[in-house]
Visitor: 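Have a look at the structure that comes next, please.
Order of the sequence lines fixes the chain letters, A, B, ..., with proteins taken first and strands second; residue numbering starts at 1 for each chain. Side-chain atoms are counted along with the backbone in the values below, which use heavy atoms only and exclude waters and symmetry mates.
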Amino acid sequence: MRVRFAPSPTGALHIGGARTALYNWLLARGQGGVLVLRIEDTDRARSTEENVEQILDALRWLKLDWDEGPIFQSQRAARHAEALERLLADGRAYRSSATADDVRSYKERHGHDRGFRGQPEAAGAVRLRVPDHGETVVDDVIRGETRFPNASMDDPVIARADGSVLYNFAVAVDDLDAAITHVVRGDDHLSNTPKQLLVFEALGAGAPRYAHLPLLHGPDGRKLSKRHGASSVQELRAAGYLPEAVDNYIALLGAGFAADEELFSLSELAERFRLERVSRNPAVFDERKLRHVNGWWLRRLSLDDLVARLEQFTGRGGLQGAVEISAEKIQTLAEFWPLAGFVFDGPAEDRSAFERAICADGGVQALRDARDSLARAEPFTERMVEQALRGVVERRGGKPGAVFQPVRVALAGTTVSPGIFETVALLGREETLGRIDRALERAEGC
RNA sequence: GCCGCUAUCGUCUAGGGGACUAGGACGCCGCCCUCUCACGGCGGAAACCCGGGUUCGAAUCCCGGUAGCGGUACCA
């Protein structure tokens, strides 16, 4: 089995493209096949080197490696020209000066279900001759047979007058030369497939098998695009998602696994993936579920690994202690700093939290009691801190929160933080008492 | 317009003629755990697009309708 992933570098790698890449990878790795990476950069106006680098980078981040390539379509011009000449010589293609407008008016005259047929001319763009009768059948692994009546198909332009080739032609020639056995790509290519099949036929070659994946949609039900928020792999990465989670989640979108379990590593995914089981209906990308999957993977990382990733993500060092006490509370890397940044940068400025927890009845006194008790705790460990703070609660009576929340706000500035005992112990006696003192001073203005 | 594809809880899905009072997951609601927030546990609300067939029997098969989506380029 030889499969390929063939993105066009006209932008960043999108989630839909990433899933296509992933499914091809899963197929190759699960069945001992070969994955070929091909960059379809024949659209010179929109293809940039920067985009190529971005796509490669995204693929690497997702841990999707390839066996051959990247092959650049633009560098295969000689081979394309050769195949084109053959079609022209065989009369399977012809030159025509007909423009898009000519095609349109032809259809006005002959009916919209009648495909355009041109006359051979001495010069002009090259069109592939489509049979007038019969149908071209795509035997899709996922969808079964889809039939396209030849009569309704236009003779497609396969090369411009200057000889530069167009997508539907280049793809077929490249897939043929790379001996691709299975073309797995987005459903938006399904209507291109008969044209490519006709190219293979004109070339006298057998075609690969095709499998068209359902598209990924945004929450509005339309094809996923830039205006749907984080839609590229880079954006997901910047939003604090783990590659493990992104791979896992996008695999779920349409893979058709039995539903009793859905948290899988790349190798587990490759083991279970079956092309024939892929769903036929488009899936909506749901970031909330990605977040859940991400939290699951996050909690499965070793402390060292998580610290390394968070240090890389935040650009800060010395995070270990804070990570240790925050790990179980975050779902994404991005949630770490808002939760634990106060450890390094001091309490956050949150007037309303201060008023609710400290200015409110008993807050100041609770803080004073906590300060006294903490000043005497020895040694200053999580266990002793807990003992000290719980002692305060006992002596005062009432709910634990009446003591813990004022302390929390004094230290973190907000009403949400990692566990209070761990936090106090991590900050240490001096820092803790200092922050409580500053809160107490500030409380005079309540 | 034309050519296609698709149709199960809000979302992702299981289901491939009787095991369906339709299962799981995310989300949502309630309870428990609990120092906040998460995690975790328990419980709950929530779906077979409509209409015809076929069949003893249809979420499952067929046809039609409707809706959504994709394509319709000398883009990829």
Side-chain angles (χ1 to χ4, degrees), chain A residues 6-11 40-47 73 96-100 103 107-108 111-115 124-127 138 140 142-143 146-149 151-154 156-162 164-168 170-171 186-194 212 214-215 217 219 221-223 249 252-263 279-293 295-296 299 326-331 335 339 353 357 386 389-390 393 399-405 407-409 412 414-421 423:
Chain A
S8 79
T10 53
E40 306 209 317
D41 56 349
T42 42
D43 185 345
R44 276 105 73 200
R46 294 191 300 156
S47 301
Q73 197 158 55
S96 162
S97 60
T99 63
V103 171
K107 293 187 148 190
E108 298 285 305
H112 282 278
D113 53 348
R114 268 287 291 284
V126 180
R127 285 184 187 269
V138 180
D140 194 280
I142 296 169
R143 289 160 210 283
T146 300
R147 325 183 85 89
F148 295 85
S152 64
M153 230 183 291
D154 294 331
V157 175
I158 56 176
R160 301 181 181 93
D162 67 2
S164 58
V165 296
L166 263 25
Y167 172 72
N168 283 121
V171 166
D187 187 34
D188 48 347
H189 286 283
L190 182 56
S191 42
N192 285 325
T193 308
H212 288 94
L215 259 20
H217 286 176
R222 289 171 162 276
K223 189 173 161 181
Y249 177 66
L252 254 26
L253 260 18
F257 296 130
D260 53 341
E261 225 190 314
E262 39 187 28
L263 275 347
S279 160
R280 287 183 302 274
N281 34 329
V284 174
F285 178 80
D286 181 9
E287 198 171 336
R288 289 175 307 185
K289 182 148 184 180
L290 202 212
R291 199 169 163 275
H292 169 81
V293 173
W296 190 88
R299 269 170 262 115
S326 313
E328 61 169 13
K329 298 182 183 296
I330 58 174
Q331 312 298 314
E335 285 165 32
L339 180 71
E386 172 160 8
L389 255 16
R390 288 208 189 275
V393 171
K399 300 204 167 200
V403 173
F404 299 162
Q405 281 304 81
V407 173
R408 188 186 310 282
V409 172
T414 57
T415 54
V416 176
S417 82
I420 197 67
F421 316 126
T423 300

Visitor: Taking the same atom, C1', in B:rC63 and in B:rU55, what whole-Å distance lies between them?
Guide: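 One C1' to the other, the span is 16 Å.
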Visitor: On a plain distance test, is the side chain of A:Lys329 in donor-acceptor contact with the base of B:rC37 below 3.5 Å?
Guide: yes
Visitor: When you measure from the side chain of A:Asp286, which nucleotide among B:rC35, B:rU11, B:rA76 comes out closest?
Guide: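 Ranking B:rC35, B:rU11, B:rA76 by closest atom to the A:Asp286 side chain puts B:rU11 first.
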Visitor: Please round to the nearest 0.5 Å and tell me the distance separating atom CG of A:Leu253 and atom NE2 of A:His217.
Guide: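 Nearest 0.5 Å value for the CG-NE2 distance: 11.0 Å.
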Visitor: Taking only the side-chain heavy atoms of A:His112 (C-beta and beyond), determine which of B:rU8, B:rG1, B:rC5 contains the nearest atom.
Guide: B:rG1
Visitor: Separation of A:Asn281 atom CG from B:rC48 atom P, in whole Å?
Guide: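 Answer to the nearest Å: 16 Å.
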Visitor: Whether A:Thr146 contacts B:rC5 is assessed here as follows: a side-chain N or O lying under 4.0 Å from the phosphate OP1 or OP2. Is that the case?
Guide: yes
Visitor: Which is true for A:Tyr167 with a 4.0 Å heavy-atom rule: it touches a base, it touches only sugar-phosphate, or it touches nothing?
Guide: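 Answer is base: heavy atoms of A:Tyr167 come under 4.0 Å of a base.
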Visitor: Please lay out, stage by stage, how A:Gln73 and A:Val165 fare under the test side-chain contact (heavy atoms from CB on, under 4.5 Å).
Guide: CA-CA 10 Å; A:Gln73 197 158 55; A:Val165 296; over 6 Å; no
Visitor: What orientation do A:Tyr249 and A:Phe285 show, parallel under 30°, tilted 30 to 60°, or perpendicular over 60°?
Guide: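 Because their plane-to-plane angle is over 60°, the rings of A:Tyr249 and A:Phe285 count as perpendicular.
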Visitor: Can you check the A:Asp187 CG to B:rC5 C1' distance for me, whole Å?
Guide: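 My rounded result for the distance is 6 Å.
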Visitor: Rounding to a whole Å, what distance do you find between A:Phe285:CZ and B:rU13:P?
Guide: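 Value for this atom pair: 13 Å.
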Visitor: With a 4.0 Å cut-off on heavy atoms, is A:Arg280 in touch with a base, just the backbone sugar-phosphate, or nothing at all?
Guide: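 Sugar-phosphate, no base atom in range.
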Visitor: Reckon A:Gln405 touches a base, only the sugar-phosphate, or nothing at all at heavy-atom distances under 4.0 Å?
Guide: sugar-phosphate
Visitor: Nearest-Å distance, NE2 (A:His189) to P (B:rC69)?
Guide: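 Going from NE2 in A:His189 over to P in B:rC69 covers 19 Å.
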Visitor: On a plain distance test, is the side chain of A:Arg299 in donor-acceptor contact with the base of B:rC39 below 3.5 Å?
Guide: no
Visitor: Looking at the base of B:rA76, is there any donor atom on it, or on the side chain of A:Asn192, that sits under 3.5 Å from an acceptor on the other one?
Guide: yes
Visitor: Does the A:Arg408 side chain pair with the main chain of A:Pro418, one donor and one acceptor, at a distance under 3.5 Å?
Guide: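 Judged by distance alone, yes, a pair lies under 3.5 Å.
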Visitor: Using a cut-off of less than 4.0 Å, is there contact between a side-chain N or O of A:His292 and OP1 or OP2 of B:rC26?
Guide: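 Checking A:His292 against B:rC26: at least one side-chain N or O falls below 4.0 Å of OP1 or OP2.
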Visitor: What is the distance from CG of A:Leu215 to P of B:rG70, rounded to the nearest Å?
Guide: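 Whole-Å distance recorded here is 7 Å.
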Visitor: Tell me what A:Ser152 touches on the nucleic acid: a base, only sugar-phosphate, or nothing, going by heavy atoms under 4.0 Å.
Guide: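 The residue A:Ser152 makes sugar-phosphate contact but no base contact.
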Visitor: Expressed as a whole number of Å, how far does the P atom of B:rG44 sit from that of B:rC5?
Guide: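 Per the computed distance, 42 Å lies between those P atoms.
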Visitor: Indicate whether OP1 or OP2 belonging to B:rC75 is found under 4.0 Å from a side-chain N or O atom of A:Asn168.
Guide: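 So the side chain of A:Asn168 is outside the cut-off, no N or O lying under 4.0 Å from OP1 or OP2 of B:rC75.
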Visitor: B:rC35 C1' sits how many Å from A:Glu328 CD, rounded?
Guide: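 After rounding, the reported distance stands at 13 Å.
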Visitor: Please figure out whether A:Lys289 or A:Thr415 has its closest RNA chain B nucleotide nearer the 5' end.
Guide: A:Lys289
Visitor: Among B:rU6, B:rC35, B:rA25, which nucleotide has an atom closest to any side-chain atom of A:Glu262?
Guide: B:rA25
Visitor: Could you check whether A:Ala327 gets within reach of a base, just the sugar-phosphate, or nothing at all, counting any heavy atom under 4.0 Å?
Guide: nothing
Visitor: Find the distance A:Trp296:CH2 to B:rG40:C1' and express it as a whole number of Å.
Guide: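 Computing the A:Trp296:CH2 to B:rG40:C1' distance gives 15 Å.
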Visitor: How far does the P atom of B:rC33 sit from the matching atom of B:rA22, given to the nearest Å?
Guide: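 Roughly 32 Å separates the two P atoms.
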Visitor: Start with the C-alpha gap between A:Tyr167 and A:Glu40, add the side-chain angles, then the distance that decides, and say whether side-chain contact (heavy atoms from CB on, under 4.5 Å) holds.
Guide: CA-CA 8 Å; A:Tyr167 172 72; A:Glu40 306 209 317; 3.0 Å; yes
Visitor: For A:Tyr249, which contact category applies under a 4.0 Å heavy-atom criterion: base, sugar-phosphate, or nothing?
Guide: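 Here A:Tyr249 touches no strand at all.
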Visitor: At under 4.0 Å between heavy atoms, what does A:Arg114 touch on the DNA or RNA strands: base, sugar-phosphate, or nothing?
Guide: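 No contact.
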Visitor: Can you tell me which nucleotide in B:rG71, B:rC5, B:rC74 comes closest to the side chain of A:Leu190?
Guide: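 Selected nucleotide (nearest to the side chain): B:rC5.
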Visitor: Taking it one step at a time, do A:Thr42 and A:Leu166 satisfy side-chain contact (heavy atoms from CB on, under 4.5 Å)?
Guide: CA-CA 7 Å; A:Thr42 42; A:Leu166 263 25; over 6 Å; no
Visitor: Charged N to carboxylate O under 4.0 angstrom, A:Asp154 versus A:Arg127?
Guide: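 Judged by the 4.0 Å cut-off on N to carboxylate O distance, A:Asp154 and A:Arg127 do not form a salt bridge.
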Visitor: Any side-chain N or O of A:Arg147 under 4.0 Å from OP1/OP2 of B:rG4?
Guide: no
Visitor: Once you apply a heavy-atom cut-off of 4.0 Å, does A:Thr42 come out as touching a base, just sugar-phosphate, or nothing?
Guide: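 A:Thr42: backbone/sugar contact only, no base atoms under 4.0 Å.
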Visitor: Please report, rounded to the nearest Å, how far the P atom of B:rU13 is from the CD1 atom of A:Ile142.
Guide: 12 Å
Visitor: Answer yes or no: is there a donor N or O on one side and an acceptor on the other, between the side chain of A:Arg143 and the main chain of A:His212, under 3.5 Å?
Guide: yes
Visitor: With the stacking rule set at 5.5 Å and 30°, tell me whether A:His212 counts as stacking on B:rG4.
Guide: no
Visitor: Would you measure the distance from the P atom in B:rG23 across to the matching atom in B:rC48 and give it in whole Å?
Guide: 13 Å
Visitor: Mind checking if A:Arg291 touches a base, just sugar-phosphate, or nothing, with heavy atoms under 4.0 Å?
Guide: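 It contacts nothing in the nucleic acid.
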Visitor: Which part of the nucleic acid, if any, lies within contact of A:Gly295, taking any heavy atom under 4.0 Å across all strands shown: a base, the sugar-phosphate backbone alone, or nothing?
Guide: nothing
Visitor: A:Ala283 near the nucleic acid: base, sugar-phosphate alone, or nothing, with a heavy-atom cut-off under 4.0 Å?
Guide: sugar-phosphate
Visitor: Would you indicate what A:Ile420 reaches in the nucleic acid, counting non-hydrogen atoms under 4.0 angstrom: base, sugar-phosphate, or nothing?
Guide: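 Answer is base: heavy atoms of A:Ile420 come under 4.0 Å of a base.
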Visitor: Using a heavy-atom cut-off of under 4.0 Å over every strand shown, decide if A:Asp154 touches base, sugar-phosphate, or nothing.
Guide: nothing
Visitor: Between B:rC28 and B:rC69, how far apart are the two C1' atoms, rounded to whole Å?
Guide: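 Taking atom C1' in both B:rC28 and B:rC69, they lie 28 Å apart.
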Visitor: Which part of the nucleic acid, if any, lies within reach of A:Gln331 when heavy atoms closer than 4.0 Å are counted: base, sugar-phosphate only, or nothing?
Guide: sugar-phosphate
Visitor: Looking at B:rC3, B:rC74, B:rC35, which one has an atom nearest to any side-chain atom of A:Pro400?
Guide: B:rC35
Visitor: I want to verify a distance call: between B:rA76, B:rC3, B:rG4, whose nearest atom is closest to the A:Asp113 side chain?
Guide: B:rC3
